[in-house]
Structures are given as structure tokens and as C-alpha cells.
Amino acid sequence: MRPKSKSLSPQPSTLNPLPKFLQNQVILVKQTTLQCRGQLLDLSRPVVMGILNVTPDSFFDGGKFAGVDAALRQAEKMLSEGAAILDVGGASSRPGAAEVSEKEELERVVPVVEAIQRHFPKTIVSADTWRAGVAQAAVAAGASIVNDISGGQFDEQMFETVARLEVPYILMHIQGTPATMQQAPHYDDVTLEVLDYFIQKIARLRAMGVKDIVLDPGFGFGKTVEHNYQLLKHLHVFGNTTGLPVLAGISRKSMICKVLKVIPEHALNGTTALHVVALQQGANILRAHDVKEAMEVVRLWEQLEQTGG
Ligand code: YH5
């Protein structure tokens with residue numbers, strides 16, 4: 001039983017009391033939209049966020065024009081396949097990836113965000129960066145969501161920057177840094193510790209005036225295979241306890257590759273299988289390399305949801 005609190009729980013009037021079974025119940029309203037500057041993103045149905053890497057180890061291997069051109073082609077493909085968001089990232093955060101300078105990251109990300117806005121003006125773009133400076137420049141270039149793998153821990157300016165920019169913030173959990181995170185991940189209870197992290201950060205973000213927050217347990221970021229599957233199995237906890245939307249970034253990650261003993265290039269079928277689980281566990285956004293296949297999962301899952309009986 002919850003202790004009765006005069007100040008916190010709304011008091012039903014004595015003239016019109018709540019039915020007995022609803023008294024002392026907390027009814028959590030799930031947030032189903034994100035205010036992406038001018039555009040409202042509807043999350044009452046699951047959506048797919050397409051991954052658009054602009055790093056040299058992806059397709060960004062030619063000159064500046066080749067990079068923008070290739071990114072635009074990839075953007076067009078993912079939009080035609082049904083992506084609701086394009087996640088543009090200029091610094092790989094894979095385990096052990098080389099650090100990219102802020103200047104280099106800006107030079108990769110800003111022209112691509114600008115080009116996407118010019119060619120596909122209604123597109124909702126998120127900036128995958130832990131740097132406040134890159135987040136600010138990307139939003140100035142047309143991005144309308146900040147996706148920070150560090151939860152504000154790598155750049156102390158990040159939270160105030162997002163508050164000032166008035167854009168939604170994807171709050172991801174990470175233990176350690178990309179350079180060290182896979183050395184010896186440890187938790188007593190991974191789900192509880194990630195939830196506790198979210199609760200602390202949400203309070204700080206709210207106090208600074210950030211309105212729209214999306215929670216992401218950060219699959220592969222300082223987690224063993226076992227930790228990742230615990231988080232996937234309990235994914236519903238994060239949305240259910242906070243009322244906030246949840247993002248799952250599973251696509252072609254090592255939690256699939258290690259179990260199936262395949263390379264990321266052969267991990268699409270495994271990705272699809274775990275996307276089904278993520279939706280069943282209440283995920284609102286699937287961050288995916290393969291938008292067409294992820295959208296098929298969404299459509300089939302919706303059909304199942306609509307089915308009575
Ligand atoms: C995420 O989960 N991940 S970058 C290793 C792989 C495959 C893919 C071994 N940014 C996330 O995608 N942002 C990245 O194969 C992210 N959530 C959010 N919000 C890492 C990545 C990857 C790493």
C-alpha cells in the first residue's frame with residue numbers, strides 16, 4: 001500500500017468520489033508525441049529511426065561532396081521505406097572506435113543535415129552526438145532531436161544546450177566510455193540500475209526545462225550479452241514507470257552477433273527477431289540500419305495488436 005499523501009495525490013471531492021477500485025491508484029499517462037520544433041512526431045504507433053552514419057568507416061569515404069551525395073541517397077531510400085526519423089552521426093561510438101575531433105564531427109554532420117533539409121524539408125533529423133557544440137550546430141542546420149549516447153556525461157554543457165534549443169532529448173544509458181565500456185561491465189541488477197540512472201537524469205533535465213525525453217537503455221554500451229537480454233526482457237519497465245517513450249537500438253549489434261556467431265553483415269534476421277520482442281515490450285522507436293525490414297516488423301505487430309479474441 002502506498003502511504004497517503006495529501007500534497008501529492010489529487011483529492012476526490014466528497015460529493016463526487018472516485019469509485020473505490022480507483023482510489024489510491026496512480027494512473028500513468030504515456031507520452032505519445034514529441035515536439036520536434038515545428039513538427040509533431042506521433043508515437044501512438046511505433047516508428048523507425050533510420051541510422052545514417054557519416055563516418056569514413058561507413059560510406060563516407062570520398063571527398064566532401066561524395067559524402068553528402070551518398071548520405072542523400074541513403075536518406076531518400078530510408079524515407080521511401082518509411083523512416084520517421086533519420087539519425088545522423090559523424091563519430092562512431094562502436095567499442096574501441098577512434099575518437100573524432102569536434103571540428104571533424106561538425107564537418108561531417110552539418111553539411112549532411114543541411115542537404116537533407118534542403119532536399120526533404122519535412123524530415124525529422126536527430127543528431128547522434130555527445131557534444132553540445134555539435135548538437136547546437138546540427139539543430140541550427142535543421143535537426144530537431146538530440147540523440148546523446150552519453151546521457152550528458154561527456155559534455156557538461158549538453159543538458160543546458162538541449163534545454164535552450166527546446167528539442168527532444170534521447171537519454172541513453174552507458175556505463176563507462178566507448179573506449180573502455182566493454183572491458184568489465186558490472187551491475188548487481190542491471191534493470192534497476194538503469195532505471196535509477198534514468199530517474200536521476202530525468203529530474204535534472206526537467207529542472208533545466210527539457211520537455212520531451214526519450215529513454216534508451218543503450219544496448220551494448222557497457223553491457224554483457226546477459227545484461228543486454230535482461231534489459232530487453234524488462235524493457236517495458238522504463239516506459240511503464242516514467243510514462244516516457246522508449247527507444248531500442250538493437251540493429252546488428254553484438255548481442256545478436258555473439259549469440260548467433262555471425263558478423264554484423266549477417267545479423268539482419270536476428271535483428272528482426274529482437275525487434276519483435278522490443279515492440280512486444282513496448283518500444284516506441286526502433287533505431288535501425290534496415291528500415292524496410294524494421295517497418296515490416298512494425299506493420300505485422302500492429303496487425304497482431306488490432307486482432308481481437
Ligand atoms: C543506441 O543504441 N547506438 S552507435 C555496434 C554494432 C552495430 C551498431 C557490433 N548510437 C545507439 O549503432 N543511439 C549508437 O555492431 C545510438 N541508441 C541511441 N540512442 C552504435 C551502433 C552499433 C554498434
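In this chain, numbering begins with 1 at the start of the sequence shown. Read the numbers this way: they start at 1 and go in the same order the structure lists the ligands and their atoms. Remember, predicted model here, so these are calculated numbers, not experimental data.
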Honestly, for Ile250 the part within reach of ligand 1 (heavy atoms, under 4.0 Å) is neither

With distance as the sole test, does Asp155 use its side chain to make a donor-acceptor pair with the main-chain N or O of Gln157 at under 3.5 Å?
yes

Plane angle bin for His173 and Tyr197 - parallel if under 30°, tilted between 30 and 60°, otherwise perpendicular
perpendicular

Pick from Asp87, Thr129, Asp216: which one makes a side chain to side chain donor-acceptor pair (under 3.5 Å) with Asn147?
Asp87

Among protein heavy atoms, which lies nearest atom 11 (C) of ligand 1, and at what distance?
Arg287 NH1, 3.5 Å

List every atom of ligand 1 that sits less than 4.0 Å from any heavy atom of Ser93, numbering the atoms from 1 in the order shown and giving each element.
4 (S)

At a 4.0 Å threshold, what atoms of ligand 1 neighbour a non-hydrogen atom of Gly249?
2 (O)

If you take the nearest heavy atom of each of His173, Met172, Lys253, which one is closest to atom 2 (O) of ligand 1?
Lys253

Using salt bridge (Lys or Arg N to Asp or Glu O under 4.0 Å), reason through Glu99 and Arg131 one step at a time and then give a plain yes or no.
CA-CA 12 Å; Glu99 248 228 38; Arg131 288 189 168 105; 3.5 Å; yes

Are Val237 and Leu192 grouped together when hydrophobic residues (ILVMFWY) are joined by side-chain heavy atoms under 4.5 angstrom apart?
no

I'd like to check which ligand 1 atoms, numbered from 1 as shown, lie under 4.0 Å from a non-hydrogen atom of Ile149.
10 (N), 13 (N), 16 (C)

Write down the atom of Asn228, the atom of Gly220, and the distance for their closest heavy-atom approach.
OD1-N, 2.9 Å

Closest heavy-atom pair, Asn284 versus Leu43, reported as atoms and distance to 0.1 Å, is ND2-O, 3.8 Å

Which protein non-hydrogen atom lies closest to atom 7 (C) of ligand 1, naming both residue and atom, and how far is it?
Arg252 O, 3.5 Å

Of the protein's non-hydrogen atoms, which lies at the shortest distance from atom 13 (N) of ligand 1, and what is that distance?
Asn147 ND2, 3.1 Å

Nearest protein heavy atom to atom 5 (C) of ligand 1, by residue and atom, and its distance?
Arg94 CG, 3.8 Å

Here the atoms of ligand 1 under 4.0 Å from any heavy atom belonging to Ile170 are 19 (N)

